[in-house]
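Below, chain A is the first sequence line, B the second, and so on; all start at residue 1.
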2 protein chains.
Amino acid sequence: MGEINIKKLACELNLSAATVSRALRDSHEISSETKARVLEMAKKLNYEPNPFASNLRGQKSKTIAVIVPEIANNFFSLAINGIEEVARERDYHVLIYQTHESSAIETSFLNRLLSGRVDGVLISLACENVDKEHFKKISNQLPVVFFDRVHDDIEGVKITTDDYESAYNAVQHLIENGCKKIGYLLALNALSTGKKRLQGYLDALKDNNFPDDGNLIMKNGANNDENYALIKNFIVEQKPDGILSSIEELAMPCYYACKELNLSIPADLKLISFSNLAHAQLLNPSLTTINQPAFEIGVEAAGILFKIFNKRWYEPNQTIILKSNLIKRESTRAIA
Amino acid sequence: MGEINIKKLACELNLSAATVSRALRDSHEISSETKARVLEMAKKLNYEPNPFASNLRGQKSKTIAVIVPEIANNFFSLAINGIEEVARERDYHVLIYQTHESSAIETSFLNRLLSGRVDGVLISLACENVDKEHFKKISNQLPVVFFDRVHDDIEGVKITTDDYESAYNAVQHLIENGCKKIGYLLALNALSTGKKRLQGYLDALKDNNFPDDGNLIMKNGANNDENYALIKNFIVEQKPDGILSSIEELAMPCYYACKELNLSIPADLKLISFSNLAHAQLLNPSLTTINQPAFEIGVEAAGILFKIFNKRWYEPNQTIILKSNLIKRESTRAIA
DNA sequence: CTGTTAGCGCCTTCAA
DNA sequence: TTGAAGGCGCTAACAG
């Protein structure tokens, strides 16, 4: 606990706490001489105002919360990086919470945050069914900005990437590179984010007159091991020559499975994944990735939250879409 | 802002605020009947206690701070994951700050945290020269636990990995696999963490009667581009057949440089790096990594901080060393 | 078992 | 230009 408070400061200076407070806040009704004295003494004594007292008094916390499914995920850690930078510029503090994809945990975090602990929330939804009503209640009490993992049925400001277009383009790319049977590794299907990616895949197939074979869509399982088994089985049974993975976490087991099955990527199977794994393309040049501007999403989302704080945002339901980058790789070249 | 406070709750129930407060805190001096009534009403009205009021009153925040150089770094994001999980179990909140390797920013964060905003700090040091005196002052006012990036000259509880041993073993591994000229990509050299890794490298060379050629140590530059140029130049001039990289951020440009130079990894150059890149070994099987238990370090560090809170920690200067894992790869096999 | 009172540190009236 | 006083919401000490 910081020991030195405004009263002691005032005492040292033979001033009242009120005067010191005003001086520190650079009030116009304090002589510049007094201000200088106060500032000097504050610095000398290493005075830091107690944030809880100010917050209690002023009903604001200079703190924002970020709720994400996982921190140790390339996309989210980059987004948090962007958020932290913006917050720091404005002398705001950033609280971090991870839901591990559980809506129950998500809800409990949100409820706790209603206490006034934070001035606003940035959230990327857990991929379970969501309680729209609950979100409506929250949004009424606290500014909320959604990013990346969003849901159309929940009203609010949203920052996403061009999920539909990038999935569509990825499939187009696979087709142009000779794929005849393109599978889809499905995830996030409870969210708009996942639905749009899937729709992009489906529409690209349709526009190229590919058969609409429901068997080519593989839904993710409960955990990594299960995903691995599912994908391996999927590849054996369906024998796709191209795969679009809707999340990075499914592309990885797909690699493992190919290795196990002695399938060469990309010679036997071309794999594209939504991914923000730094240097993934370098480590294995056979990897084509849909690279989302994760950092920029964080910056944008945080920026909008601050605009809301400053009453400079007037579109409670706008969705802002940033463009992803399809990083293509040569078909066969590899390092090793 | 949450609208409903303890007074309104009390009013609804025809009780005093004090009674309600006690009931909510499950005090033994409240009848179970009253408790039930209070709890029910609190739930009904969605009451959340104002944390700033409690914190101001009780002089504690139920919040910890985590200060790291970068969030979007595989090691740190995993560590934060571990920290968040431990904090969540205890209903603590986690504030995140990144220093971008700047000691000035680090110091400014620490100063701001002296205000009582947090009950304790977990920190992984920025790699610049550090102000020991300043840290001493901080530690006197606030519990601090250091993790991974530590400095011997700063007193405090520290959680690290076996930097010396793992570097030593890595070099031994390179030698056993036929390397004759082993380079070292140096970083973190202002910290004990970096010094120990370097010493492990040096001692392994010495114990194997390798010449102690200072030219084989390459110090990192200011940014990625510079590192890339430096490493490329280093490989051309020194022609190492093995390299140990002290951080992941240097291993990556090393890959790029090899590609540019048409050198095959690991046939022409065997590369080992300290790294926590998920699946790095899979993406390129030529990569041998020193895998630090990042998540566990986070869990351990947070656990100790909570022990300090509970006065169940009595070793103000203990260093706890967790073991890294040298993940070896076959010399020549590759996926693609 | 429950109520009254006071104060955590800060900031903003209001008064001088 | 400065000081005194009160209150943000909560809880511990003290009464009853």
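Each of A17(A) and A53(A) lies near DNA chain D, and the nucleotide nearest A17(A) is the one positioned closer to the 5' end. Positionally, the nearest nucleotide of DNA chain C for A18(B) lies more toward the 5' end than for the other of R57(B) and A18(B). Toward the 5′ end of DNA chain C lies the nearest nucleotide of S31(B), the other residue of the pair E29(A) and S31(B) mapping further downstream.
As rounded to whole Å, 13 Å separates atom P of dC1(C) from atom CG of D26(B). Taking atom CD of Q59(A) as the reference point, atom C1' of dG7(D) lies 11 Å away to the nearest angstrom. As rounded to whole Å, 7 Å separates atom P of dG9(D) from atom NZ of K7(B).
Backbone-only contact: I6(A) has heavy atoms under 4.0 Å from sugar-phosphate atoms and none from a base. At the heavy-atom level, R25(A) lies under 4.0 Å from the strands shown only through sugar-phosphate atoms.
The shortest side-chain heavy-atom distance between I105(A) and Q98(A) does not fall under the 4.5 Å cut-off. Side-chain contact check for H93(A) versus R112(B): some heavy-atom pair is nearer than 4.5 Å.
The nucleotide whose nearest atom lies closest to any side-chain atom of N5(A) is, among dG9(C), dG3(C), dG3(D), dG9(C).
For K60(A) and D119(A), the salt-bridge test fails: no basic side-chain N is under 4.0 Å from an acidic carboxylate O.
Both cation-pi conditions hold for R90(A) and F306(A): the charged atom is under 6.0 angstrom from the six-membered ring centre and inside a 45 degree cone around its axis.
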